[in-house]
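Here is the structure we will look at, set down as structure tokens.
Heads up: numbering here begins at 1 and tracks the sequence. Values below: all heavy atoms of this structure, side chains included; hydrogens, waters and symmetry mates excluded.
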Amino acid sequence: MRVLVTGGAGFIGSHVVDALRAHGHEAVVYDVRNDPGADVRDADAVSRALTGVDAVCHQAARVGLGDGVSDAAEYVSRNDLGTAVLLAAMARAGVGRLVLAGSMVVYGEGRYACPAHGDVRPGPRAEADLAAGRFEPPCPRCGQALVPGLVGEDAPADPRNVYAATKLAQEHLAAAWARATGGTAFSLRYHNVYGPRMPRDTPYAGVAAFFRSALERGEAPRVFEDGGQRRDFVHVRDVAAANVTALEAPERPGTLSAYNTGSGEPRTVGDLARALAAAYGGPEPVVTGEYRLGDVRHVTADSSRLRAELGWKPEVGFAEGMAEFAHAR
């Protein structure tokens, strides 16, 4: 299979390229890092790149939480306009298979249960609560403490920042393309991806990269809130393997299928900082109590559907992955 990988020179995209080639496919890299003219918003350039292509793995995106709404236009342009241009070019070229780099951020806060009211969806956390160190969202009906759980793909979407909104819009655009063309689309809703080649020292790097950069400077990783935020840290090679699995899956004409893509092992941000510090050789993390408005407290999703329906499973465990990442480049 000849596969166009947008963002193929980036962190996740480069691993997808490696995985495709290891499975005998031809990967065509389309990335502004390699060629300034390879902008996914350039219809002519995208159309040329699609020549002879059987499928597209769309990894190109502006990532991170961004700066409130001040950079909303740039996020929408790169993520949503870029996706629309790509999909239109695929329709013209007759390319009928797409794997989209989705994100768990479309859920907003994760799944919570109240002892009295069952499953509930708490609203955004109030700044006054965060400033007072009350980090856990209360039940919106009775104010009791909630128990976090796993989010399934059928949970309502609730994007809580500009980046999240653009990732959900990408899915809607891909679904519209699939219905209109009879194409097959998969959205892999990535969790917190980490591993070799992870961006560092930029506003858009992930928390694992921030912690490792601090350790390399001889500084303690600074953990926001109380460190109890639950996430699912999944290794980039497992994510790349999920992309290949989706590309090789049987066709599902006219549909978009969304799959949570995580390790299945929820960990806290504090766990991450301690594991990295131990693997690197210190110093120990410092829990600061600082916070960022717009951050969610807990979001970990159930990835069993991807395992059951497509046969994918993660291979890199947390301890193994952290030991590697502590010194990876």
*How far apart are the C-alpha atoms of T83 and D80, what are their side-chain angles, what is the distance that settles it, and do they pass the side-chain hydrogen bond (donor to acceptor under 3.5 Å, both in side chains) test?*
CA-CA 5 Å; T83 298; D80 298 337; 5.4 Å; no
*Quick one: do L272 and F325 satisfy side-chain contact (heavy atoms from CB on, under 4.5 Å)? Show the steps, please.*
CA-CA 11 Å; L272 169 69; F325 180 63; over 6 Å; no
_Pair R231-H191, side-chain contact (heavy atoms from CB on, under 4.5 Å): steps then yes or no_ = CA-CA 8 Å; R231 298 291 188 268; H191 277 255; over 6 Å; no
_side-chain contact (heavy atoms from CB on, under 4.5 Å) between T288 and V223, intermediate numbers included_ = CA-CA 6 Å; T288 68; V223 180; 5.9 Å; no
_Please evaluate residues R111 and D119 with respect to the criterion salt bridge (charged side-chain N to carboxylate O under 4.0 Å, His left out), reporting the C-alpha separation (whole Å), side-chain torsions for both, the decisive distance (0.1 Å), and the verdict._
CA-CA 7 Å; R111 179 173 177 262; D119 285 352; 3.2 Å; yes
*Would you sort out whether T6 and V29 count as a side-chain contact (heavy atoms from CB on, under 4.5 Å), showing the intermediate values?*
CA-CA 6 Å; T6 69; V29 175; over 6 Å; no
*Could you give me the CA-CA distance, side-chain angles and deciding distance for S14 and R197, then say whether side-chain hydrogen bond (donor to acceptor under 3.5 Å, both in side chains) is met?*
CA-CA 9 Å; S14 65; R197 308 174 203 161; 3.0 Å; yes
*Please step through salt bridge (charged side-chain N to carboxylate O under 4.0 Å, His left out) for the pair D18 and R21, ending with a clear verdict.*
CA-CA 5 Å; D18 290 347; R21 291 172 176 166; 5.3 Å; no
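Residues passing the salt bridge (Lys or Arg N to Asp or Glu O under 4.0 Å) test with R305, sequence neighbours excluded: E153, D154. Shown here are the side chain to side chain contact (heavy atoms under 4.5 Å, CB included) partners of P314, two or more places apart in sequence or in another chain: D238, R307, W312. Judged as a ring-ring contact (aromatic ring centres under 6.0 Å, His included), and not counting sequence neighbours, the contacts of H235 are Y194.
A salt bridge links R121 and D158; the closest N-O separation between the charged side-chain nitrogens and carboxylate oxygens is under 4.0 Å. E216 and R200 are joined by a salt bridge, as a carboxylate oxygen and a charged side-chain nitrogen come within less than 4.0 angstrom of each other. Salt-bridge annotation for E315 and R237: absent, with no side-chain N of the basic residue lying under 4.0 Å from a carboxylate O of the acidic one. Ionic pairing of R189 and E171 is present here: one or more N-O contacts between side-chain nitrogen and carboxylate oxygen are shorter than 4.0 angstrom. Salt-bridge annotation for R297 and D226: present, with a side-chain N of the basic residue lying under 4.0 Å from a carboxylate O of the acidic one.
Taking hydrophobic clusters as Ile, Leu, Val, Met, Phe, Trp and Tyr residues chained together by side-chain heavy-atom distances below 4.5 Å, M198 shares a cluster with L215. Linking ILVMFWY residues whenever their side-chain heavy atoms come closer than 4.5 Å, directly or via other members, leaves F186 and M90 in distinct clusters. Linking ILVMFWY side-chain heavy atoms closer than 4.5 Å, directly or via other members, places W177 and V46 in a single hydrophobic cluster. No continuous path of hydrophobic side-chain contacts links V99 to L50 [ILVMFWY only; heavy atoms under 4.5 Å]. If you chain together hydrophobic residues whose side chains sit under 4.5 Å apart, V95 and M1 never meet in one group.
Residues V234 and N192 form no side-chain contact, since every pair of their non-hydrogen atoms from C-beta on lies 4.5 Å or further apart. Within the 4.5 Å cutoff, side-chain heavy atoms of F233 are placed close to those of V207. When side chains are defined from C-beta on, Y291 does not count as touching F224, because their heavy atoms never get closer than 4.5 Å. Side-chain atoms of F211 and V269, non-hydrogen and from C-beta on, do get closer than 4.5 Å to each other. Put simply, the side chain of V56 does not reach to within 4.5 Å of the side chain of R97, judged on heavy atoms. In this structure the side chain of M322 never reaches within 4.5 angstrom of the side chain of E324, judged on heavy atoms. Proximity of P148 to T300: side-chain heavy atoms (C-beta onward) are nowhere separated by under 4.5 Å. L247 has its side chain within reach of L20: a pair of non-hydrogen atoms, C-beta onward, lies under 4.5 Å apart.
Contact detail for Q170 and A60: the closest heavy-atom pair is NE2-O, 4.4 Å. Across L256 and S187, no two heavy atoms sit closer than the pair CD2-CB, 4.3 Å. Across every non-hydrogen atom of A209 and P199, the tightest pair is CB-O, 3.1 Å. In terms of heavy-atom proximity, L310 sits nearest to A249 at CD2-CB, 3.8 Å. Contact between A38 and Y30 at its shortest, heavy atoms only, is O-CE2, 3.2 Å.
Not one N or O on the side chain of K167 forms a donor-acceptor pair closer than 3.5 Å with the backbone of N79. When atom types are taken as modelled, the side chain of H298 and the backbone of R230 share a donor-acceptor pair closer than 3.5 angstrom. A donor-acceptor pair under 3.5 Å is formed between the side chain of T261 and the backbone N or O of Y259. A donor-acceptor pair is defined here as one N or O able to donate and one able to accept, closer than 3.5 Å; no such pair exists between the side chain of S213 and the backbone of F210. A donor-acceptor pair under 3.5 Å is formed between the side chain of Y75 and the backbone N or O of V63.
Side-chain contact of Q59 with D31: a donor-acceptor pair under 3.5 Å is absent, judged by distance alone. Under 3.5 Å, the side chains of N243 and Y190 contain a donor-acceptor pair of N or O atoms.
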Below 3.5 Å, can you tabulate the donor-acceptor pairs from side chains in residues 123-131 to any protein atom, sequence neighbours excluded?
{"unit_1": "R125", "atom_1": "NH1", "unit_2": "F135", "atom_2": "O", "d": "2.9"}
{"unit_1": "R125", "atom_1": "NH1", "unit_2": "E225", "atom_2": "OE1", "d": "3.0"}
{"unit_1": "R125", "atom_1": "NH1", "unit_2": "E225", "atom_2": "OE2", "d": "3.3"}
{"unit_1": "R125", "atom_1": "NH2", "unit_2": "E225", "atom_2": "OE2", "d": "2.8"}
{"unit_1": "R125", "atom_1": "NH2", "unit_2": "D295", "atom_2": "O", "d": "3.0"}
{"unit_1": "D129", "atom_1": "OD1", "unit_2": "R134", "atom_2": "NE", "d": "3.0"}
{"unit_1": "D129", "atom_1": "OD1", "unit_2": "R134", "atom_2": "NH2", "d": "2.9"}

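Interatomic distance, CG of L86 versus CG of L173, reported as 10.5 Å (0.5 Å rounding). Rounding to the nearest 0.5 Å gives a distance of 10.5 Å between CD of E74 and CG of L81. Atom CZ in R141 sits 8.0 Å away from atom SG in C114 (nearest 0.5 Å). For the atom pair N260 CG and S304 OG, the distance stands at 8.5 Å (nearest 0.5 Å). Of the inter-residue distances, the one linking T184 atom OG1 with L98 atom CG reads 9.5 Å to the nearest 0.5 angstrom. From S77, atom OG reaches atom CG of D39 across 7.5 Å, with rounding to the nearest 0.5 Å.
Residue pairs satisfying the salt bridge (charged side-chain N to carboxylate O under 4.0 Å, His left out) criterion with at least one member in residues 243-254, sequence neighbours excluded, are listed as follows: R252-E309.
Other members of the cluster containing Y112 are V120, L146, with ILVMFWY side chains joined at under 4.5 Å, either directly or via other members.
In this structure, F11 and H15 have perpendicular ring planes: the angle between them is above 60°, well past the 30° mark.
R212 forms no cation-pi arrangement with Y280, by the criterion of a distance under 6.0 Å to the ring centre and an angle within 45° of the ring axis.
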